[in-house]
Amino acid sequence: MQSRFEVADVLRKAGAAIENYGLNTWQLRTLYAIKKCRTAELGGHIDACDSCGNVTISYNSCRNRHCPKCQGQNREDWIAKRETELLPVRYFHMVFTLPDSINSLAIYQPKIVYDTLFEATWETLKSFGKAKEMQMGMIAVLHTWGQQLSLHPHLHCIVPGGGVNKNGQWQNSRNDGKFLFPVKALSKVFRAKYCAKLKAKLPIQYEQIRQDLWKKPWVVFAKKPFGSPKSVVEYLGRYTHKIAISNNRIKSIDEQNVTFDYKDYRVAGVKKQMTLPHQEFIRRFSLHILPKRFVKIRHYGFLSSTWKRQKLKLLQEKLKVKVLEKVEKKPFLPKCPCCKTGNLNRIAVFDQRGPPAWYLGGSQSSSSCEN
Ligand SMILES: [Zn+2]
Ligand SMILES: [Zn+2]
Ligand SMILES: [Zn+2]
């Protein structure tokens, strides 16, 4: 569904001023890609309906992973792949959150701060698994935002409720499989591991925020375990390809301000609205542009790619999983938006110079739907 207001609209309103917002070149490049997404600047194609003859024009997508308009297909592909890797066991959703006191460092050293979040989280889970003599697995997705677009780095982890013992057999973390590990204990180990790593990587900066980092307990949150393995993947799919704000949360854009919806989790997730000037909105949005080639979805333990290739199949056989074969992707045949029954066939492609003259002249065909 097309949203009425888009992040790209804010960028267009702000215009060349965004060059002066103190953003780095990578952030600016990303913003320009989002701004150009599905506009004439990226070129496009012309399709004709094989039933009613209606001709439509479409502009190309930017495919940038931070673009609100370019998430859908990636998500579907990702879900399809993960579904072939499921085990018939209980899965848990855990969220590991960094404290606010890390934020100033996260702005200047995002790669180190976020890499360390992945490392400390995995090592924490791994050590709890080891105490029970089993190898754990984990899929983790980094989110860096809170509801108001401020910096709030946290890791969503999907963790099968058990692991592989030294004989390669599946073992539940507790006999009833109802429970993974106590979150209080997890959060203590998580903080200790994170701080030790940060100290080793950035000793001076660590020293400056050390007291704040240790002031409050860190938050590890365990959500209710999932009903079925399939629902895990669909659920995780919602998180993996999420970005800081979706276009449908934007409620209005005027010459100065942007207004968007957010949920206030301090008051039971009540929906509220927030209005920010363009510059502040863009600044906040840009906080969540990840460093170039930063991997935001990572697989660990028996779900890591090396382990998966060799042993996951074996484990699935032992657990008698009917392994889904990788489904061939069906070629996507868009339906005609006009008659809704005909198929669209591509009749021309064009670059940023724009559609061909015959299309603009409308001499051969009409671009408007007359049915
Ligand atoms: Zn895009
Ligand atoms: Zn999140
Ligand atoms: Zn048609």
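Note: hydrogens, waters and symmetry copies are ignored here, and every other heavy atom, side chains too, is used. Just follow the structure's listing: the first ligand is 1, and inside any ligand the first atom is 1.
Here the angle at the Zn ion (ligand 3) defined by SG in C52 and SG in C49 stands at 110°, rounded to 10 degrees. The SG atom of C339, the Zn ion (ligand 3) and the SG atom of C336 define an angle of 110° (nearest 10 degrees). Remark: at the Zn ion (ligand 2), atom ND1 from H143 and atom NE2 from H156 enclose 100°, rounded to the nearest 10 degrees. With the Zn ion (ligand 1) as the vertex, SG of C70 and SG of C67 span 110° to the nearest 10°.
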Exercise for review: Report the C-alpha separation of T240 and R82 in whole Å, then their side-chain angles, then the decisive distance to 0.1 Å, and conclude whether the side chain to side chain contact (heavy atoms under 4.5 Å, CB included) test is met.
Suggested key: CA-CA 12 Å; T240 48; R82 294 292 86 74; over 6 Å; no
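Both the sub-6.0 Å distance and the 45° axial angle are satisfied by R298 relative to the ring of F294.
For the Zn ion (ligand 3), the set of nearby N, O or S atoms under 2.8 Å includes none belonging to C338.
Using cut-offs of 30° and 60° on the angle between ring planes, the pair W170 and F302 is perpendicular.
Distance CZ/R210 to CG/D212: 10.5 Å, rounded to 0.5 Å.
Applying side-chain contact (heavy atoms from CB on, under 4.5 Å) to V189 and the options L125, T124, V220 leaves one that passes, T124.
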